[in-house]
2 protein chains.
Amino acid sequence: MKYRELAKILKVEIDKGKYRDAGKLPTEPELMEQFGATRYCVRNAIALLAELGDVYPVQGSGMFVRENRREGCLNINGTRGMTSEFPGHSVSSKLIKLEQREAGADSVRLKCAADAKVYSVSRLRLLDDEPFAIEYALYLKEFVPYLSEEIASGSIYAYIREDLGLSTGFADKLIYARELDHGQADLLGLSAGDPALVVEDDAYLASGRMFNAGTVYYHYKKATFFNFADLK
Amino acid sequence: MKYRELAKILKVEIDKGKYRDAGKLPTEPELMEQFGATRYCVRNAIALLAELGDVYPVQGSGMFVRENRREGCLNINGTRGMTSEFPGHSVSSKLIKLEQREAGADSVRLKCAADAKVYSVSRLRLLDDEPFAIEYALYLKEFVPYLSEEIASGSIYAYIREDLGLSTGFADKLIYARELDHGQADLLGLSAGDPALVVEDDAYLASGRMFNAGTVYYHYKKATFFNFADLK
DNA sequence: GAGTGGTCTAGACCACGCA
DNA sequence: GCGTGGTCTAGACCACTCG
């Protein structure tokens with residue numbers, strides 16, 4: 001039994017509410033026996049769940065299941081894209097622009113050569129067919145050699161991971177608030193000067209190479225982000 | 001050598017730029033020898049640094065030091081309070097309100113009894129003597145038995161941890177944008193209707209008990225949050 | 001192929017909570 | 001005092017990168 005497998009199993013059971021009555025997971029020895037796993041495996045699996053905020057350990061007491069207020073919120077960790085964040089809702093995109101060009105001034109942010117080829121994608125993202133966010137994104141052609149209108153209208157991240165087989169590593173985000181300009185406001189069905197929640201996202205491959213830079217303007221009445229933080 | 005000690009040592013060395021030329025840390029065997037530590041210790045220490053985004057591991061290659069854009073940004077993980085986020089700047093607070101009362105309607109958010117005693121604190125937080133944020137916070141008296149104007153004018157978190165000796169565990173945050181009302185805008189030196197970056201923060205002790213709920217309205221031209229996310 | 005980090009085993013003892 | 005999770009040891013083998 002691999003610890004990532006065990007983590008997935010436990011995560012499903014937690015989400016199904018299996019441990020809700022007890023409020024806590026079985027103890028380490030119990031889990032070891034139930035899954036025929038070593039303590040190494042059990043502890044690593046639980047560490048993954050704790051990182052995600054599904055569970056918290058109390059020394060001498062147990063592994064407690066966490067209640068949290070994340071319904072309808074975007075998790076700010078784990079950029080798995082909007083598509084996977086709203087189960088039961090329709091997430092779609094209206095392509096505004098898709099072009100291939102040289103990085104130019106964007107080479108600073110993308111940490112690449114000025115003449116490196118990039119795809120530039122602008123999309124209006126819709127939640128249940130209502131305007132939700134405007135996304136401006138750049139992808140280095142070196143890593144994402146092909147993008148079509150069809151792909152860009154769907155989940156680009158799913159394409160990158162599943163079809164291109166790239167393994168993503170980590171991401172930096174900057175979050176701030178700004179006023180919308182006229183063009184943005186029109187797209188979102190708001191007025192110029194209204195607030196926008198802005199997220200700049202620099203995404204890296206597991207190799208440490210940056211491959212994607214995005215800036216997203218979220219509808220301030222519809223978008224709320226959720227974050228789980230360790231205070232240790 | 002404990003792994004938390006080693007992590008601190010390495011963190012200091014990284015911040016001093018010791019590994020900047022190489023771009024990476026010494027290998028695990030090298031660190032084991034340098035610090036007379038076991039592999040368990042070395043790997044746990046590095047895992048802590050990786051969680052904070054200071055370093056990323058590439059299998060078969062090494063542990064690379066990360067460059068990031070966090071200068072002048074508030075780290076959204078690790079609520080160690082504003083005070084520790086702006087070294088070289090003056091962080092102060094102007095107390096607006098400090099009262100003790102029953103939780104009442106706030107008992108839902110605080111997950112406590114309606115008649116539980118709470119301290120309610122409102123502060124205008126200043127960065128270099130300029131208005132930076134408005135903070136509304138509640139502290140359960142059960143865990144924070146005493147708060148004075150003097151304490152509330154300083155770093156409440158430092159007081160809770162160092163003086164009261166409470167061990168904090170984790171926190172949930174909601175992040176969104178809203179329009180400022182007249183009173184808030186006046187305090188921040190902005191206009192009503194201007195954007196605010198709002199953070200709701202529910203903080204828990206290591207025991208899993210919630211002890212603090214806060215809502216902070218940040219000056220949208222001055223506050224930017226930084227987040228590091230693992231995409232695995 | 002040599003060297004890197006990742007996974008895993010099979011133990012031991014420690015620190016803390018709770019009754 | 002017992003049961004919980006936390007730390008630690010001393011190994012082994014696997015998966016991956018890179019020259």
Side-chain angles (χ1 to χ4, degrees), chain A residues 1-10 19 22-51 54-66 143 165-170 204-209 230-232, chain B residues 1-10 19 22-51 54-66 143 165-170 204-209 230-232:
Chain A
M1 168 80 56
K2 307 277 172 63
Y3 73 86
R4 291 176 195 280
E5 293 173 39
L6 179 53
K8 262 179 219 166
I9 295 172
L10 290 174
Y19 306 114
K24 49 155 88 176
L25 263 50
T27 65
E28 291 180 358
E30 284 166 355
L31 288 172
M32 286 166 67
E33 207 198 325
Q34 276 180 39
F35 294 95
T38 63
R39 196 172 176 213
Y40 171 90
C41 173
V42 167
R43 284 184 61 77
N44 274 280
I46 288 173
L48 288 182
L49 299 178
E51 239 176 87
D54 291 311
V55 119
Y56 63 90
V58 179
Q59 189 172 4
S61 187
M63 315 286 325
F64 295 83
V65 177
R66 258 165 61 66
F143 303 112
L166 293 178
S167 58
T168 51
F170 49 88
Y204 297 76
L205 298 173
S207 65
R209 289 290 311 271
D230 231 322
L231 300 184
K232 279 170 221 155
Chain B
M1 167 80 55
K2 310 275 174 59
Y3 75 86
R4 290 176 195 280
E5 292 173 41
L6 179 53
K8 263 180 216 165
I9 294 172
L10 290 174
Y19 306 113
K24 50 155 84 176
L25 264 51
T27 65
E28 291 179 357
E30 283 166 356
L31 288 170
M32 287 166 69
E33 206 199 325
Q34 277 180 38
F35 293 95
T38 62
R39 197 173 175 212
Y40 170 89
C41 172
V42 167
R43 284 185 62 78
N44 275 279
I46 288 173
L48 288 182
L49 299 178
E51 238 175 87
D54 291 311
V55 120
Y56 63 90
V58 179
Q59 189 173 5
S61 186
M63 317 286 324
F64 295 83
V65 177
R66 258 163 61 65
F143 303 111
L166 294 178
S167 58
T168 51
F170 49 88
Y204 296 77
L205 298 173
S207 65
R209 287 292 309 273
D230 233 321
L231 299 185
K232 280 169 219 156

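Quick note: numbers below take in every heavy atom, side chains included, and nothing from hydrogens, waters or symmetry partners. Just so we're on the same page: letters track the sequence lines, and every chain starts at 1.
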Chemist: Out of C:dT7, C:dG17, D:dG5, which has the shortest distance to the side chain of A:Y40?
Modeler: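 Within the option list, the nearest is C:dT7.
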
Chemist: Between D:dC8 atom C1' and B:F35 atom CZ, what is the distance in whole Å?
Modeler: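 For the pair B:F35 CZ and D:dC8 C1', the rounded distance is 18 Å.
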
Chemist: Starting at CZ of A:R39, measure out to CD1 of A:I46 and round the result to the nearest 0.5 Å.
Modeler: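 The CZ atom of A:R39 sits 9.5 Å away from the CD1 atom of A:I46.
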
Chemist: Whole angstroms only, please: what is the CZ-P distance between B:R43 and C:dT7?
Modeler: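 Going from B:R43 (CZ) to C:dT7 (P), I get 7 Å.
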
Chemist: Whole angstrom is fine here: how far is it from CE in B:M32 over to P in C:dG5?
Modeler: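 My rounded result for the distance is 11 Å.
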
Chemist: What is the distance from CD1 of A:I46 to C1' of D:dG5, rounded to the nearest Å?
Modeler: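 The answer, rounded to whole Å, is 9 Å.
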
Chemist: Tell me: CD of A:Q59 to P of D:dG6, nearest whole Å?
Modeler: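 Rounded to the whole Å, the gap is 6 Å.
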
Chemist: Could you state the CG-P distance from A:N44 to C:dG6, rounded to the nearest angstrom?
Modeler: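 That distance rounds to 12 Å.
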
Chemist: How many whole angstroms separate atom CG of B:L205 from atom P of C:dC16?
Modeler: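 Going from B:L205 (CG) to C:dC16 (P), I get 16 Å.
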
Chemist: To check you understand the geometry: which heavy-atom pair defines the closest contact between A:S61 and A:F64, and what is its length?
Modeler: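 That would be OG-CZ, 3.4 Å.
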
Chemist: Looking at D:dG6, does its base get a donor-acceptor pair with the side chain of A:R39 below 3.5 Å?
Modeler: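 When only heavy-atom distances are counted, A:R39 does reach the base of D:dG6 through a donor-acceptor pair under 3.5 Å.
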
Chemist: For D:dT4 and A:S61 - does any side-chain N or O of the residue sit under 4.0 Å from the phosphate oxygens OP1/OP2?
Modeler: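 It does not, given that no N or O in the side chain of A:S61 lies less than 4.0 Å from OP1 or OP2 of D:dT4.
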
Chemist: Taking CD in B:E33 as the centre, count heavy atoms belonging to other residues, nucleotides or ligands within less than 6.0 Å. Is the count above 12?
Modeler: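 Result for CD/B:E33: open.
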
Chemist: If you assign each of A:F64 and A:C41 to its closest nucleotide in DNA chain C, which residue comes earlier from the 5' end?
Modeler: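 Mapping each residue to its closest nucleotide by heavy atoms, the 5'-most match is A:C41.
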
Chemist: D:dT9 phosphate, OP1 or OP2: any side-chain N/O from B:T38 under 4.0 angstrom?
Modeler: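 So the side chain of B:T38 is within the cut-off, an N or O lying under 4.0 Å from OP1 or OP2 of D:dT9.
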
Chemist: Can you measure from CG (A:L10) to CD (A:E5) and round to the nearest 0.5 angstrom?
Modeler: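 Atom-to-atom, A:L10:CG and A:E5:CD are 11.5 Å apart.
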
Chemist: With rounding to the nearest 0.5 Å, note down the distance linking OH in B:Y56 to NZ in B:K24.
Modeler: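 Going from OH on B:Y56 over to NZ on B:K24, the span is 10.0 Å.
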
Chemist: Find the distance A:E28:CD to D:dT7:P and express it as a whole number of Å.
Modeler: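 Atom CD in A:E28 sits about 11 Å away from atom P in D:dT7.
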
Chemist: When the nearest nucleotide of DNA chain C is assigned to A:A37 and to B:P26 on a heavy-atom basis, which residue is associated with the more 5' position?
Modeler: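 Checking each residue's closest nucleotide, the 5'-ward one belongs to B:P26.
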
